[in-house]
Amino acid sequence: MKPYDFLIVGAGLFGSVFAHEATRRGKRCLVIDRRSHIGGNCYTRLESGINVHEYGAHIFHTSNEQVWQYMQQFCRFNNYVNSPIANYKGELYNLPFNMNTFTRLWQDVKTPQEARKRIAEQQAEAATIDEPSNLEEQGLKLVGKDIYTKLVKGYSEKQWGMAATDIPAFVIRRLPLRFTFNNNYFNDPYQGIPLGGYTAIFEKLLEQTQVQLSTDFLANKEYWLSQAERVIYTGCIDAFFDYELGELDYRSLRFDHQLLRGVENFQGNAVFNFTDRETPYTRIIEHKHFESAVSPDTVISYEYPMTWSVGLEPYYPVNNERNNDLYKQYLELAHTIPQVSFAGRLGEYKYYDMDKTVERALAHPWLKEL
Ligand code: FAD
């Protein structure tokens with residue numbers, strides 16, 4: 001008999017929920033992670049009384065009542081509502097696109113009717129675009145030139161590291177327009193930030209499970225495979241197979257975290273998006289505003305998008321045709337080793353919000369068998 005029923009590679013949200021549920025059902029689990037901490041990209045650390053979102057702003061939001069209830073076992077959420085501000089060359093606009101944005105963009109627009117009319121006029125200018133062949137055409141067709149130029153173009157170019165005319169159109173299928181004065185970024189009925197930070201959730205999830213940190217599964221793959229009857233692997237699927245079919249593309253990010261001593265309030269909001277092309281970062285996060293933390297200092301993080309290469313953190317999959325086809329080929333390889341399940345955002349090569357990640361972990365077929 002092998003020492004463990006389940007080896008779970010990755011102490012992120014998928015791995016931790018799975019481990020919690022399997023342990024609760026009496027299974028012998030070991031969780032390993034190559035990082036020195038639990039929590040994956042949701043990890044928060046405390047600095048000067050402020051919970052810092054180390055890998056970028058994480059706001060929990062869901063329409064799934066069951067997931068919301070599930071999470072309450074591990075934390076209490078505050079009533080934070082995500083209302084980012086866009087900074088375009090010093091002009092400030094509310095996001096998502098709503099009546100506050102429109103009345104600021106166009107001084108003569110005061111009512112929803114006037115806003116609809118102005119946007120329709122600008123969409124009409126793009127009417128010759130039948131089937132948008134790139135993000136620029138798609139953006140102009142969806143929202144017209146003013147919103148596109150000031151709030152979509154530069155931000156997208158920085159995110160993707162290329163000109164808007166070279167970014168595929170599928171990247172933005174929809175750009176929702178809201179004709180009310182409502183700055184709530186999400187439409188979900190449930191939203192909040194866990195009081196005390198995300199890491200505390202993971203401490204509870206993994207309370208009864210053996211965890212080994214700073215341990216890279218791939219550095220000793222055969223050994224680790226021999227340690228458990230079944231393996232949940234939440235790392236990159238192409239890395240698991242030593243890139244034998246080629247590399248999948250990812251987008252990476254660099255965070256520049258700064259503690260500003262004696263600065264009580266830097267920008268007055270948790271999330272600022274910089275939507276012009278010239279500012280090199282896409283966002284500044286001021287972490288204390290997520291939990292209204294009381295501190296004489298503040299911690300801010302500049303977020304810089306980066307092209308991914310082996311060795312950097314892969315944050316976002318790039319789900320274009322080439323990569324989706326390659327992923328399917330990797331999945332076929334994966335089917336030859338049924339004792340390993342490829343899961344989470346890197347194993348499935350798909351962006352999942354936290355709620356979807358929890359939902360998918362709870363629905364994993366191996367848990368249903370227990
Ligand atoms: P991860 O959190 O990435 O966990 C995978 C773990 O596996 C990592 O800890 C990694 O170190 C480990 N690992 C990988 N390879 C190996 C290996 N070879 N050996 C050992 N360990 C390994 N969702 C929201 O709902 N709201 C938000 O506001 C939000 N904001 C986000 C902002 C950013 C910048 C990003 C990138 C994501 C955001 N998300 C948000 C999504 C959220 O982060 C994911 O839903 C969640 O982290 C997915 O969990 P996971 O377990 O699949 O992946």
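Sequential numbering from 1 along the given sequence is applied to the chain's residues. Start at 1 and go down the list; that is how both ligands and their atoms are numbered.
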Q. Taking it one step at a time, do Y302 and F274 satisfy ring-ring contact (aromatic ring centres under 6.0 Å, His included)?
A. CA-CA 10 Å; Y302 293 84; F274 290 80; 8.0 Å; no
Could you pull out every donor-acceptor pair under 3.5 Å between side chains of residues 82-92 and any protein atom, sequence neighbours left out?
{"from": "N82", "atom 1": "OD1", "to": "Y80", "atom 2": "OH", "distance (Å)": "3.3"}
{"from": "S83", "atom 1": "OG", "to": "V81", "atom 2": "O", "distance (Å)": "3.4"}
{"from": "S83", "atom 1": "OG", "to": "N183", "atom 2": "O", "distance (Å)": "3.3"}
{"from": "N87", "atom 1": "OD1", "to": "G90", "atom 2": "N", "distance (Å)": "2.8"}
{"from": "E91", "atom 1": "OE1", "to": "Y93", "atom 2": "OH", "distance (Å)": "2.4"}
{"from": "E91", "atom 1": "OE1", "to": "K150", "atom 2": "NZ", "distance (Å)": "2.9"}

(Q) For ligand 1, give me the residues whose heavy-atom distance to it is below 4.0 Å, by chain and number please. (A) V9, G10, G12, L13, F14, D33, R34, R35, G40, N41, C42, Y55, A57, H58, I59, T215, D216, F217, L218, T234, G235, L253, Y315, Y316, G344, R345, Y351, Y352, D353, M354, T357
Indicate every side-chain donor-acceptor pair of residues 343-351 with a distance under 3.5 Å to a residue at least two apart or in another chain.
{"from": "R345", "atom 1": "NH1", "to": "P314", "atom 2": "O", "distance (Å)": "3.1"}
{"from": "R345", "atom 1": "NH1", "to": "Y315", "atom 2": "O", "distance (Å)": "2.7"}
{"from": "E348", "atom 1": "OE1", "to": "Y352", "atom 2": "OH", "distance (Å)": "2.7"}
{"from": "E348", "atom 1": "OE1", "to": "R360", "atom 2": "NE", "distance (Å)": "3.2"}
{"from": "E348", "atom 1": "OE1", "to": "R360", "atom 2": "NH2", "distance (Å)": "2.9"}
{"from": "E348", "atom 1": "OE2", "to": "R360", "atom 2": "NE", "distance (Å)": "3.2"}
{"from": "Y349", "atom 1": "OH", "to": "D249", "atom 2": "O", "distance (Å)": "2.4"}
{"from": "Y349", "atom 1": "OH", "to": "V318", "atom 2": "N", "distance (Å)": "3.1"}
{"from": "Y349", "atom 1": "OH", "to": "V318", "atom 2": "O", "distance (Å)": "3.1"}
{"from": "Y349", "atom 1": "OH", "to": "N323", "atom 2": "ND2", "distance (Å)": "3.4"}
{"from": "Y351", "atom 1": "OH", "to": "D353", "atom 2": "OD1", "distance (Å)": "2.9"}

Q. Between H257 and E54, what is the shortest heavy-atom contact and its length?
A. NE2-O, 3.1 Å
**Q.** With Y198 via ring-ring contact (aromatic ring centres under 6.0 Å, His included) - residues at least two apart
**A.** H53
**Q.** ring-ring contact (aromatic ring centres under 6.0 Å, His included) between Y233 and F240, worked out
**A.** CA-CA 9 Å; Y233 174 85; F240 182 97; 5.0 Å; yes
